[in-house]
Amino acid sequence: MLLIGSHVGFKKDTQLLGSLEEALSYGATTFMFYTGAPQNTMRSNIDKELTKRALEKMNNQDIDYTKVIVHAPYIVNLANNKDQDKYKFSIRFLKEEVKRCEELGIKYLVLHPGSHVGLGVDLGIKNIIDALNIILEESNVTILLETMAGKGSELGSTFKEIKKIITGVKNKDKIGVCMDTCHLNDAGYHVEDFDQLLNYFDEVVGINYLKCIHINDSKNEKSSHKDRHENIGFGTIGFDSLIKIIYHEKLKKIPKILETPYIGKIAPYKEEIKMIREKRFNPDMKEEIEKAG
Ligand code: FE
Ligand code: FE
Ligand code: ZN
């Protein structure tokens, strides 16, 4: 089964059941969600009944729940400890986020490693490692470090930085990596030559750590350090290169998640998943969605 899905919502009143229904409406076999708004840390309690209903509903669907992903809010920053209160809050929040994942039966939590905001790369990485060692002390959830575009003082835009973090983490069973094709491109990696990229990743980090891949095209040129996602086939990476990654022999068991931009107010995921399944790019996709909306 092709493990393809997208980012979906998670609303207070429908929770996992709503996320599942949204994913099914796109024809997805997996999905990713934030347990609240991506840009803040306000979270409501996990509703056991809604979780139960979602898990029951999944039984007769082509969804591989073991590959469903939660994404941590992007404002938590484990690299910066200048403000000790904020740093401690981020650690505490992620500990609670791990618990929420456990309650939902989710195994993977994607995290942006963080930005050092002037502290320097080494101290930033040390802060991330110290924080992860606290968070992962008693975790049943694996935290996946996302490869970043290198915007501002973002850490984790090179495999070597990712490797340094992993080396410092004690609980190696509970740490992994989530690649993001847009970020890789913007960081300067040759996404078009994915075999070579994967070999290099294996050399530096180890392919066993790779647990998820975000499939996005990019609005910007290679090495731009910008991080602006584009709909698949409409950007600088291109449809064929992304298809090669999605159907790559070595990535069969890895969930592929779309985080491409909405067309106006409409999610493009149903159409993008269709293009992916048919392996055929539809250059009119954006106009068709606009018209239908
Ligand atoms: Fe991300
Ligand atoms: Fe991403
Ligand atoms: Zn991004």
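Start at 1 and go down the list; that is how both ligands and their atoms are numbered. Computation of the quantities below employed the complete heavy-atom set of this structure, encompassing side-chain atoms and omitting hydrogens, waters and symmetry-equivalent molecules. All residue numbers in this chain count up from 1 along the given sequence.
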Find, among atoms of E146 that are N, O or S, the one nearest to the Fe ion (ligand 1), and state its name. OE1

Looking only at N, O or S atoms, which one in E259 sits nearest to the Fe ion (ligand 2)? OE1

Has H214 got an N, O or S atom lying less than 2.8 Å from the Fe ion (ligand 2)? yes

Taking the six-membered ring for Trp, are H7 and Y269 closer than 6.0 Å centroid to centroid? no

Taking N, O or S atoms only and a limit of 2.8 Å, check whether C182 reaches the Zn ion (ligand 3). no

Would F159 and Y189 satisfy ring-ring contact (aromatic ring centres under 6.0 Å, His included), going step by step from the backbone distance to the final call? CA-CA 10 Å; F159 296 160; Y189 288 105; 4.4 Å; yes

May I ask you to check whether H183 brings an N, O or S atom to under 2.8 Å from the Fe ion (ligand 1)? no

Can you tell me if an N/O/S atom from C178 lies under 2.8 Å from the Fe ion (ligand 1)? no

Of all N/O/S atoms in D227, the name of the one nearest the Zn ion (ligand 3): OD1

I want to check a possible cation-pi pair here: R100 against F33, using under 6.0 Å from ring centre and within 45° of the ring axis as the test. no

Just checking, K279 and Y247: is the charged tip under 6.0 Å from the six-membered ring centre and within 45° of the axis? yes

Determine yes or no for a side-chain-to-main-chain donor-acceptor pair under 3.5 angstrom, with D186 supplying the side chain and D227 the backbone. yes

Quick one: report the N, O or S atom of D180 that is nearest to the Fe ion (ligand 2). OD2

Centroid-to-centroid, F31 to F10, below 6.0 Å? no

Can an N, O or S atom be found in H229 less than 2.8 Å away from the Zn ion (ligand 3)? yes

When you check the gap from the basic side-chain N to the acidic O, do E230 and K286 get nearer than 4.0 Å? yes

Vertex the Fe ion (ligand 1): angle to NE2 of H112 and NE2 of H71, to 10°? 90°

